[in-house]
Structures are given as structure tokens and as C-alpha cells.
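Working notes, beginning with the structure itself.
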Amino acid sequence: MNIKKKQISLINNLITGIGIIVLGTIVVIGSINMYTKAINLLVYIFILFGLSKLLNFILNKKIVRNKETLLTIILNIVLGIVMIIFPKIPLSILPLIFSLYLLFNSIVKFIEYMILKENELNLRFKYLFFSIIFIIISLVFLFYPLEKLDLFIMIIGIYCLILGLNKIYEFIVDLLTEKFKLKVKHKLKMTLPVFLEAFIPKKALLKINKFLDTMIEDNKKNKKSDLQIFIHLSNHGFNQFGHMDICFENKIYSYGNYDFKSRKLFTTVGDGVLFIAKNKKKYIEFCIRNNKKTLVEFGIKLTEKQKNKLRNELETITKDTYKWNIDMKEKKVYAYKLYSATKCEFFKFDKGEYKTYFVMGVNCTYFADQILINSLSSLLKIAGIITPGTYYQYLDENYRKKNSKVISKKIYNKDVIGGKYDKNKK
């Protein structure tokens, strides 16, 4: 990465941080009055946008005229008029969305509590506590959105201030020398709400497809990475929310619910299964051909001490497992296809938190994140709900930084052979 790009990354963090802090301050000071004005402005924007489109629809013969376009125009106008007639509805929309978000988190925490209870783990009481807290706050905002509007606006303002200060912190840390940075305790990264983070892999895929010619492969400092983190991107089905696994010493380690017979609760819960593939190249080819995925590989540079810690962590995890033999008659299931392509080994867990997989809790990203935290400590430390989207954003940002341990980024998809983009293949 050239100096200009590094400087742009630094300036971007500074400007973004200041901008978000200013926005947060305005929100906290302006409170309900500013929110009301913003909603009123949005109402007139809906109506003016609808009328403009309607006029263009009638007069401009070059545009495509169909029922869908006309319906969209009418909905814009009607929505604006409804918001004028019933002004309390737009004022309460965001608090209601916030309430539903907290309610969703409460349900997730309760499911995690039940899973941990079934596995007889003491950590379960923490999840029960947060589940109760979230549902209480959620009900308050759900039934009294207008009465609690000031509190809601204050929460948004405070969150903006914290997020802005975090960006300023990142800017300052990037200016420090590598030696001094090691003395700084665990670097925390504020994350977006999980419902926004979940869609980052999809957004990343669209960006990669658009700029693939200029994002082929770039290796900072011309060093070879010791650990690779794969973020899976796809346009198809549930895969578009992303998947994550790690590769160390040419072995792929991935966690998921690969036993389809154990799945329940709309396939969100099931037996936790670890698979280890000993051939990185074959695994990448399988993901691209079978699942039509794009894989983004981030390379991490490790010290010898960190390599030994990572080896010990992986060995410790596999001690609580037993080999799971897939049903060779089930040739249409994913596990069989994966085995046929890579000759990987599958393992289930005797005990512990990985015994049961939960898509919103102990999932592929949580598994990989715990391995990295336990073995590499402060090398990668993220605060908030961890998703493939969170990791993609974090790794991509760190790849652009001057003194980051993220030293390489490679892209693999149907047009990529061995990590290099073939411009002749379209």
C-alpha cells in the first residue's frame, strides 16, 4: 500500500471521528426539537420526490412506464400525506424499531441461555440476566414510544459520541510507533448494530465485483502471512450473510452445523461440528464451484511465540472432540460434498460451549474469534456482537493501516485462479 493511501486512511479516521462527535453533540443538545424538524423535512421530501417522479412519468416518454414505477410514485406521495395527517406515527417509528431490535436481542440471549443450560455451563446466568434487561427496556419503548422519545434521542447522541471518540482513538494509535502500540492495552473497536453488520458481506461482494480489476492482490511489506482468515461472500440464500474460517499451516479449521439431522428451531440450532481440511487449495476450489462463493483471504503476520500459542489453542480445542463419520449414503448433503472434494475430517464436541451450534451465538465467527483471542490476545480484539460482517470491516480497515498485523488481502472467485485475477475470463 502506498503512502498516499495510508495518509488518506489516517485523515479519514480523523475527519470521520470529528464529524460523528459533532453530530452526536447536536443530537444531545437539540434533542426532540431537532428530531421533529428532521422528520418534518423527511415528510416533505417524500411528497416532493413523489410529485417530481409523477410529473416525469407523465411528460417524459423515454422512461420505462410500468405498474411498479407508478406504484412506487403513489406510495411516496401517500406516505408523505399520511405522515402529515398523523404526525405521531413518524415520531414513534424509530423508537419502535429500536424496541423491536432489543426484543430480538432478548430472544437471542434467552436461546443462548437455554443452550448453555442444556450443556450445563455456568456462563448461562449472564445471558439470562441480559435477556431480562433487554426485554424490560424493549417493552418500555414499545408501549410508550413518544413518552420515551427524549431518552431514545439521548441514547443515539451518546452512541455517536462514543463512536466518534473511538475513531479519534484509532487515528492517534495509528500515529504511534509499533513498539509503543504494544504497550497499549486491548484495542476496542465499536461495531454497528448486528442487523447492519450482518449485511456487510453482501455489500463487500458488490464492491468487489465492481472493482475487481483493481483489487486483485496486494501484499504489504512483501511479507508472507502465517495465519489466514477467510470471509465467505455470496449472493445465494443464507450464504449472503457470510461465513468465516481460519487457515493455519495449510489446514482449514471451520465450525458449523454440518449434521443436518440435528438441526432444529428453523435450522438455527444443532450439533456443533468442527471440520479440518488439510488442503487449502482444494477447499477454496470447492467453495467457489459448489457454493458459488467469493472468498476474501486476509493474511496475518505472527511471531514465533504467537504461532506456538495458536498451535496449543487448536490442540486444546480438539481434545474435547470425537470423530464424526458422515453418512456416505447421503450424497446430496453439504457434509458429503465437502468430504468428497477435500477429504476433510469432521469432529463433534463431547462437552463445552461448542457442543451446540447457534446461528446468532456460538457460530462460525464466534469459534474463530475465540481461538484468535485466546491464542493471540490483543492482536485482534473487537467489542460488540461478532459477525462475519464485523470481522470483514475490521480486517479490511486494519489492512489499510501502516503498522497493522494484517499484511495481505487476496480475493478468490470463479474468475480467480490461485489468487490472481484472470482478466480474460469474464
Side-chain angles (χ1 to χ4, degrees), residues 105 107-131 186 194 227 229-230 242-249 251-278 306-327 334-335 338-339 344-388 390-391:
N105 271 274
I107 294 168
V108 168
K109 294 296 179 188
F110 185 73
I111 294 172
E112 288 184 294
Y113 162 74
M114 295 301 294
I115 290 171
L116 293 172
K117 183 183 178 183
E118 186 179 335
N119 294 336
E120 299 180 347
L121 293 171
N122 293 328
L123 287 171
R124 64 183 184 272
F125 297 109
K126 180 182 73 172
Y127 290 95
L128 180 62
F129 172 78
F130 280 109
S131 176
H186 304 297
V194 66
L227 166 70
I229 300 175
F230 286 99
H243 178 71
M244 174 179 170
D245 41 42
I246 65 173
C247 178
F248 181 60
E249 296 179 333
K251 290 183 181 179
I252 300 288
Y253 296 84
S254 186
Y255 175 82
N257 178 215
Y258 298 101
D259 182 5
F260 76 97
K261 292 180 180 178
S262 72
R263 292 173 184 170
K264 50 191 176 183
L265 199 63
F266 307 105
T267 73
T268 61
V269 177
D271 291 347
V273 179
L274 167 68
F275 84 73
I276 302 175
K278 296 181 179 179
Q306 288 169 335
K307 289 179 192 176
N308 289 329
K309 280 187 177 182
L310 185 53
R311 290 188 192 102
N312 292 335
E313 180 65 21
L314 292 169
E315 188 178 340
T316 302
I317 287 173
T318 52
K319 282 181 180 178
D320 292 331
T321 64
Y322 62 92
K323 194 169 182 179
W324 174 57
N325 295 313
I326 62 172
D327 188 347
Y334 182 79
L338 182 58
Y339 172 78
C344 62
E345 293 181 297
F346 293 94
F347 301 89
K348 285 192 175 184
F349 291 82
D350 290 309
K351 57 183 180 179
E353 59 182 336
Y354 301 125
K355 186 177 179 181
T356 304
Y357 171 91
F358 177 42
V359 70
M360 294 300 296
V362 181
N363 55 21
C364 62
T365 315
Y366 178 84
F367 177 81
D369 182 62
Q370 289 301 301
I371 289 174
L372 297 173
I373 288 174
N374 293 336
S375 58
L376 308 180
S377 186
S378 61
L379 178 62
L380 295 171
K381 181 70 175 178
I382 306 176
I385 299 174
I386 309 301
T387 68
T390 310
Y391 251 91

Work out which heavy atom in [X] is nearest to a heavy atom in [Y]; give both atom names and the distance.
X	Y	result
L265	V269	CD2-CG2, 3.9 Å
Y391	L372	OH-CD1, 3.8 Å
I326	A335	CD1-O, 3.8 Å
S262	N257	OG-ND2, 3.2 Å
M360	E112	O-OE2, 4.2 Å
K355	N119	CD-OD1, 3.6 Å

* Could you tell me how the ring of W324 sits relative to the ring of F346: parallel (under 30°), tilted (30 to 60°) or perpendicular (over 60°)? =>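 Perpendicular: the ring planes of W324 and F346 meet at over 60°.
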
* Kindly assign one of parallel, tilted or perpendicular to the pair F349 and Y255, based on the angle between their ring planes and the thresholds 30° and 60°. =>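 Plane angle over 60°, so perpendicular.
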
To the closest 0.5 Å, what do you measure between [atom1] ([X]) and [atom2] ([Y])?
X	Y	atom1	atom2	result
Y357	T267	OH	OG1	8.5 Å
D350	Y322	CG	OH	6.5 Å
I317	N312	CD1	CG	11.5 Å
L116	I111	CG	CD1	12.0 Å
K309	T316	NZ	OG1	12.5 Å
F248	R311	CZ	CZ	4.5 Å

* Can you name the salt bridge (charged side-chain N to carboxylate O under 4.0 Å, His left out) partners of K251, sequence neighbours left out? ->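 With sequence neighbours excluded, K251 shows a salt bridge (charged side-chain N to carboxylate O under 4.0 Å, His left out) to no residue whatsoever.
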
Do [X] and [Y] come close enough that some side-chain heavy atom pair is under 4.5 Å?
X	Y	result
L314	I371	yes
K126	F130	yes
F347	T318	no
F358	T268	yes

* Please collect all salt bridge (Lys or Arg N to Asp or Glu O under 4.0 Å) contacts where either partner lies in residues 257-277, sequence neighbours excluded, each pair once. =>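 For residues 257-277: D259-K348, K261-D327, D271-K348.
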
* Asked: side-chain contact (heavy atoms from CB on, under 4.5 Å) between K278 and E345: does it pass, once the steps are laid out?
  -> CA-CA 9 Å; K278 296 181 179 179; E345 293 181 297; 4.1 Å; yes

* Under 3.5 Å donor-acceptor, D369 side chain and T365 backbone ->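 No; judged by distance alone, with no hydrogens or angles, the pair does not exist.
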
* **Over 12 non-hydrogen atoms of neighbours within 6.0 angstrom of CZ in F110** =>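 At most 12 heavy atoms, drawn from other residues, nucleotides or ligands, come within 6.0 Å of this atom.
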
* Does Y354 have its ring centroid less than 6.0 Å away from the ring centroid of F367? ->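 Aromatic pair counts; centres sit under 6.0 Å.
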
